[in-house]
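The model shown is predicted, which means the values in this text are computed figures rather than measured ones. Just follow the structure's listing: the first ligand is 1, and inside any ligand the first atom is 1.
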Amino acid sequence: METLETMRWVDGCLEILDQTLLPGKTQYIKCRQYTTVCEAIRRLSVRGAPAIGAAAAYGLALGAAALKPAGSEEFMAGVEQIARDLTATRPTAVNLQWAVDRMLGVLRDNITGGIEAAKEKLLAEAHAIYREDLESNRRMGQFGEKLIPHGAAILTHCNAGALATAGIGTALGVIRAAHQAGKNISVYADETRPLLQGARLTTWEMVQEQIPVTLLTDNMAGFLMARGKVDLVIVGADRIAANGDVANKIGTYGVAVLAKEHGLPFYVAAPMSTIDFNISGGHEIPIENRDEQEVTCFAGRRVAPEGVQVWNPAFDVTPARLVTAIITDRGVARPPYQESLAALAGK
Ligand SMILES: CSC[C@H]1O[C@H](OP(=O)(O)O)[C@H](O)[C@@H]1O
């Protein structure tokens, strides 16, 4: 089985697995400047909320290391600009802002110790963020697999796997844990238009691990459920509001409505770093709109006529009322989410 690292730190350089080339080609982007990390996030070479957060943390450490300020004030100003550039790359996954805020907090706590020491602290914190995600995924898998019945056929959307994280994944981490617990599960993977994270990445991860996986186009999910082929749905998340509304890859809301219609459990797996307690509901979640060519072209060939208008939101919002449970790295939250998520966060 080929196991690939989503990213790795090698001799002062962040190497990012270029996911736009998967599954056909395995190639790492060598990021020696933080601007290369910004571009990798923007073009989804690295993608998935936890992975974006970890990449941004390493990007901030890279950028800070290259600064040659006259003093600490200039250094702080330089790092804060790097932080702004990183958080501007993609607006929806809260892990990006969370990771950058955490790095800035470490800097402010250590600036009095001198600039070189602060640079070392930043790199250490980026390593910590990456390392913690490994353990966070493992815990989500442990909590989540208890919800998975033996022999379950599980539908998932997009890729919330090892390629979206530092570890075994969020939704796919639960699937891996259930598989390893001997539950004889199988997976249905939505291709996930327009960038095909399901067809390219989720199926690849499942095939690598010899977990039975069936690929379907997004518009087939309803009929598959109507034919009684699906036992439950599990997806990842990019930002979850305090009330349990979930922003995830475009198409997730439709799957949740279909699951409700067919009486199927709809689970969301996400670490606590994806819960945004600063917003009350999904209406406050910023939704990224992406380039129209992602929709008008397919495999590099234009399929829609010139002059067509395009709407290409990268995410949608699933209301909490459609979510059966939220599997986090601190336990499983059930409705009412305002209370259960706050309790898991120790608020
Ligand atoms: C474990 S977070 C995965 C999450 O991120 C994906 O979005 P993108 O591929 O655009 O970064 C998708 O929403 C996944 O559920």
Side-chain angles (χ1 to χ4, degrees), residues 6-7 16-20 22 40-56 89-99 130 132-134 136-141 144 154-176 189-202 204-205 218 233-240 245-256 266-276 282 285-291 294-295 312-318 323 326-329:
T6 308
M7 66 194 82
I16 288 176
L17 175 63
D18 188 347
Q19 297 188 33
T20 65
L22 289 176
I41 294 171
R42 204 176 283 121
R43 66 190 301 274
L44 277 74
S45 292
V46 58
R47 33 95 12 227
I52 290 173
T89 55
R90 295 189 76 192
T92 305
V94 69
N95 303 61
L96 177 49
Q97 188 68 56
W98 167 83
Y130 188 84
E132 288 166 17
D133 194 51
L134 284 159
S136 162
N137 289 193
R138 190 189 63 76
R139 286 201 299 271
M140 267 183 283
I154 305 167
L155 184 130
T156 191
H157 191 75
C158 198
N159 173 262
L163 291 167
T165 64
I168 57 172
T170 58
L172 296 196
V174 172
I175 286 171
R176 283 186 163 96
D190 280 352
E191 65 172 353
T192 316
R193 285 270 298 149
L195 296 181
L196 304 179
Q197 288 92 326
R200 295 185 301 111
L201 307 178
T202 292
W204 183 75
E205 287 196 39
D218 300 332
V233 176
I234 187 164
V235 298
D238 291 81
R239 191 184 301 233
I240 300 173
D245 291 346
V246 175
N248 196 51
K249 182 53 53 195
I250 188 73
T252 302
Y253 171 54
V255 170
F266 180 87
Y267 296 122
V268 175
M272 291 305 289
S273 54
T274 303
I275 318 290
D276 185 352
I285 298 176
I287 299 297
E288 176 187 6
N289 281 290
R290 293 186 62 84
D291 191 293
E294 293 178 356
V295 177
N312 183 21
F315 302 97
D316 58 25
V317 177
T318 298
V323 180
I326 299 174
I327 302 159
T328 79
D329 47 357

Next on the checklist: As an exercise, identify every atom of ligand 1 less than 4.0 angstrom from a heavy atom of Leu44.
Outcome noted: 10 (O)

Checklist entry - Would a distance-only check, ignoring hydrogens and angles, find a side-chain to backbone donor-acceptor pair under 3.5 Å from Thr252 to Asp316? => result no

Item to check | Side-chain donor/acceptor of Thr156 to backbone N/O of Ile234, under 3.5 Å | outcome: yes

Next on the checklist: Under 4.0 Å from a heavy atom of Gln197: which atoms of ligand 1 are those, numbered in the order shown and with their elements?
Outcome noted: 8 (P), 9 (O), 10 (O)

Checklist outcome for this item: In terms of heavy-atom contacts, Pro50 and Thr170 come closest through CG-CG2, 4.5 Å

Next on the checklist: Is it the case that the side chains of Thr20 and Asp18 hold a donor-acceptor pair, with the cut-off being a distance below 3.5 Å and no angle test?
Outcome noted: yes

Next on the checklist: For the 3.5 Å polar cut-off, considering only N or O atoms, please tell me whether Arg47 and ligand 1 meet it.
Outcome noted: yes

Checklist entry - With a cut-off of 4.0 Å, which atoms of ligand 1 are near a heavy atom of Ala237? => result 2 (S)

Checklist entry - Which ligand 1 atoms does Asn159 reach within 4.0 Å, using its non-hydrogen atoms? => result 3 (C), 14 (C)

Checklist outcome for this item: If we number the atoms of ligand 1 from 1 as shown, the ones under 4.0 Å from a heavy atom of Thr170 are 1 (C)

Item to check | Lys/Arg N to Asp/Glu carboxylate O, Arg193 vs Asp218, below 4.0 Å | outcome: no

Item to check | From CG (Asp276) to OG1 (Thr92), nearest 0.5 Å | outcome: 11.5 Å

Checklist entry - Does ligand 1 have any atom sitting under 4.0 Å from a heavy atom of Cys158? => result yes

Item to check | Distance-minimising heavy-atom pair for Gly236 and Val268 | outcome: O-CG1, 3.8 Å

Checklist entry - Looking only at side chains, do Arg200 and Asn159 share a donor and an acceptor under 3.5 Å apart? => result no

Checklist entry - Of Gly236, Ala49, Ala270, which has the heavy atom at the shortest distance from atom 2 (S) of ligand 1? => result Ala49

Checklist entry - Do any nitrogen or oxygen atoms of Phe315 lie less than 3.5 angstrom from nitrogen or oxygen atoms of ligand 1? => result no

Item to check | N or O pair under 3.5 Å between Arg90 and ligand 1 | outcome: yes

Checklist outcome for this item: Hits for side chain to side chain contact (heavy atoms under 4.5 Å, CB included) against Leu17, two or more places apart or cross-chain, chain-then-number order -> Leu4, Leu22, Thr26, Tyr28, Leu163

Checklist outcome for this item: salt bridge (charged side-chain N to carboxylate O under 4.0 Å, His left out) pairs touching residues 90-99, sequence neighbours excluded, are Arg90-Glu288

Checklist outcome for this item: Here the atoms of ligand 1 under 4.0 Å from any heavy atom belonging to Ala164 are 1 (C), 3 (C)

Next on the checklist: Which option wins on minimum heavy-atom distance to atom 5 (O) of ligand 1: Leu172, Asp238, Thr202?
Outcome noted: Asp238

Item to check | Option of least heavy-atom distance to atom 8 (P) of ligand 1 (set: Lys249, His157, Gln19) | outcome: Lys249

Next on the checklist: Out of all atoms in ligand 1, which are within 4.0 Å of some heavy atom of Pro50? Include the element for each.
Outcome noted: 1 (C), 2 (S)

Item to check | Sub-4.0 Å atoms of ligand 1 with respect to non-hydrogen atoms of Asn248 | outcome: 4 (C), 12 (C), 13 (O), 14 (C), 15 (O)

